[in-house]
Novice: 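Pasting a structure below so you can have a look.
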Amino acid sequence: MNYSNLFKYWRTVLVVAEMSIRMQMNDAFVLFAIVFQPMIIAILALFMLQGKGADYAMFVVVGSGLTGLWSSLLFVSGNSINVERWTGTLESLVGMPTPFDVIVFGKNLANVFQSLLSMVVSYFLAALLFGYSLTLTQPLLFFVTLLLSMFAFICFGLTIAPVFVMYRSVQQWQNAMEFPVYILCGFLFPIALLPNWSTPISYLLPPYWAAIALHGTSTAVMPFEQIAFAWGMMLIFSLVDLVIASQLFKIMLYKARVDATLDVD
Amino acid sequence: MRTIRKNFRLFWQGTLLSYRALFAWLRPVTYMASKIFMPLAQMFFFVFLGTYASGKDTSDFYVIGNAIQITSISGIFGVTMSVGGDRDAGTLPYLFGTPANRFMIFFGRAFMHVIDGAIGVVIALTWGVLLMGLDLSHTDLPALGLTILITTFSTCGLGLLMGCLSLLTANVMFVNNFVYFSLLIFSGANVQISTLPVWMQIVSSILPLTRGIAASRALAAGASLTDISVLLISEIGIGLTYGFLGYFLFSWFEIQAKRKGTLETV
């Protein structure tokens with residue numbers, strides 16, 4: 001991905017994001033993934049973690065919000081290129097002068113942004129239905145973390161989408177990828193509960209660092225050094241994802257223009 | 001006698017063909033990812049969450065609850081898609097044009113999913129024993145097998161009703177997902193039903209799975225088949241009620257669709 005394109009085509013990114021939000025807000029599947037599924041998980045977790053005290057309500061709000069973010073990233077961002085293939089618009093998008101990765105970046109931006117709704121819904125659910133008084137322990141750091149997490153999720157989504165288009169054998173596992181990430185990234189319980197061999201896998205997943213920092217700034221009073229470390233990891237992974245995504249987009253566009261096999265199922 | 005044989009053949013062919021139509025075009029990997037790995041990952045997630053909430057010694061509660069709940073993947077999604085698939089594939093008008101016995105056609109759509117769902121639960125329980133330390137040493141295993149079969153049957157009953165609703169709405173996957181995830185709360189798979197608010201307990205009591213999960217937990221704790229017989233009989237009753245409600249809705253839908261010419265309008 002040519003990063004300067006993001007600045008050069010920032011208007012395009014925003015227009016694509018707006019279009020995507022308008023379209024997806026009419027899609028019942030998207031609404032389920034970003035509103036209803038996280039809400040049901042939040043209700044379950046609030047009942048299950050009741051014994052741990054009121055402090056855990058904010059933990060559940062953030063954790064269930066993250067489940068919405070991941071599910072939406074996996075199914076909506078993951079299919080952001082496929083959806084164009086299904087509707088027959090992929091060739092036009094690939095053939096136009098605007099860089100294709102800019103368009104996919106805009107779609108991912110919209111998707112990640114609208115997925116924050118899952119956190120908002122969970123917040124109101126815990127506050128209104130369960131009567132919890134919810135406050136962020138480090139609000140400023142939380143919002144900085146949220147911005148960095150959004151960026152990390154967008155970049156991660158940029159690597160998933162071309163993989164799902166080019167390697168259908170990977171996409172076949174899409175349904176099975178949802179809950180393992182909830183588990184490995186410690187969205188609703190610490191990864192210390194998991195077997196030791198799984199810890200390095202967690203460290204390699206950007207959503208894990210997002211969960212660490214978001215939980216640390218919303219529920220606990222995490223020392224700034226640890227927060228900064230999680231931020232650093234998110235930035236490193238974002239840059240790595242962008243480099244990987246740029247290579248994947250090159251291969252994909254090559255397939256589209258030279259092999260002409262992009263639209264072949 | 002000839003009519004009975006013909007109806008049985010209709011039931012069996014409908015059963016096999018609708019199941020094959022749903023899955024035969026999938027690669028084995030896709031089938032395994034959706035039918036085996038996804039449910040197991042979901043089970044592990046809730047078992048970890050549950051043991052984090054109430055301690056490692058409660059893991060059996062969550063393993064059994066979530067393993068049995070896996071049956072609703074076949075019961076809700078499988079059956080609904082088998083019934084609704086006729087509309088999506090454009091075969092519904094032909095189906096309604098035949099003189100074939102509707103009862104056999106309708107209930108035939110669920111049969112394979114009962115078997116499929118029960119196998120899914122057995123796989124989940126096996127993983128529970130191997131990886132989560134589920135203790136079934138005091139369990140009457142044939143009784144547990146019967147409980148799994150009955151619970152799967154009753155969940156498929158709800159699936160048949162949902163399948164008919166899928167003939168009336170375009171957002172069938174939204175409704176299916178909503179019911180499937182709601183069952184995680186209301187069936188008692190993850191939360192003791194007695195800790196839920198009263199209105200939720202009432203909803204829970206009229207849903208399939210609730211009694212099946214309770215019976216399975218009782219069996220794992222050493223209860224006998226006689227001890228859980230009331231639970232099983234009510235589970236069968238609930239399954240039949242939903243199944244027949246679905247059948248009546250299916251019949252009503254056919255009459256309305258033929259009268260108004262609205263077979264393909266949704």
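The analysis underlying the following values was restricted to heavy atoms, covering all of them including side chains, and did not include hydrogens, waters or symmetry mates. Lettering follows sequence order; numbering is per chain, from 1.
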Novice: Specify which of Thr51(B), Leu40(B), Val191(B), Asn177(B) makes the most heavy-atom pairs with chain A at under 4.5 Å.
Specialist: Asn177(B)
Novice: Identify the two heavy atoms, one from Leu188(A) and one from Leu49(B), that lie closest to each other, and give their separation to 0.1 Å.
Specialist: O-CD1, 3.6 Å
Novice: Supply the atom-to-atom distance Met48(A) CE to Asn190(B) CG, rounded to the nearest 0.5 angstrom.
Specialist: 4.5 Å
Novice: Pick whichever of Pro180(A), Ala176(A), Ala45(A) has the most heavy-atom pairs under 4.5 Å with chain B.
Specialist: Ala176(A)
Novice: Flag yes if more than 12 heavy atoms outside Phe113(A) fall under 6.0 Å of its CZ atom; otherwise flag no.
Specialist: no
Novice: In Å and rounded to the nearest 0.5 Å, what is the OH to CD distance from Tyr180(B) to Gln37(A)?
Specialist: 9.5 Å
Novice: Can you tell me how far apart CE (Met32(B)) and CH2 (Trp173(A)) are? Round to the nearest 0.5 Å.
Specialist: 5.5 Å
Novice: Locate the shortest heavy-atom distance separating Leu193(A) from Tyr52(B); write the atom from each residue and the value.
Specialist: CD1-CB, 3.4 Å
Novice: Going by heavy atoms in the side chains, are Pro197(B) and Phe47(A) under 4.5 Å from each other?
Specialist: yes
Novice: Could you state the interatomic distance from CG (Leu184(A)) to CZ (Phe45(B)), rounded to the nearest 0.5 Å?
Specialist: 11.5 Å
Novice: Of the backbone (N, CA, C, O) and the side chain (C-beta and beyond), which part of Met43(B) lies under 4.5 Å from a heavy atom of chain A, both, or neither?
Specialist: neither
Novice: Start with the C-alpha distance between Phe179(A) and Phe44(B), add both sets of side-chain angles, then the distance that settles ring-ring contact (aromatic ring centres under 6.0 Å, His included), and finish with yes or no.
Specialist: CA-CA 8 Å; Phe179(A) 279 92; Phe44(B) 287 140; over 10 Å; no
Novice: Please flag which part of Phe186(B) lies under 4.5 Å from any non-hydrogen atom of chain A: side chain, backbone, both or neither.
Specialist: neither
Novice: Which one, Asn175(A), Ile43(A), Leu31(A), leads in non-hydrogen pairs under 4.5 Å with chain B?
Specialist: Asn175(A)
Novice: What part of Tyr56(A) is in contact with chain B, defined as an atom under 4.5 angstrom from a non-hydrogen atom: side chain, backbone, both or neither?
Specialist: side chain
Novice: Parallel, tilted or perpendicular: which fits the ring planes of Phe189(A) and Phe48(B), with parallel below 30° and perpendicular above 60°?
Specialist: tilted
Novice: More than 12 heavy atoms of other residues, nucleotides or ligands under 6.0 Å from CE of Met25(A): yes or no?
Specialist: yes
Novice: With rounding to the nearest 0.5 angstrom, report the CD1 to CZ distance, Ile41(A) to Phe46(B).
Specialist: 5.0 Å
Novice: Mind checking whether Phe181(B) and Phe32(A) have parallel, tilted or perpendicular rings, split at 30° and 60°?
Specialist: tilted
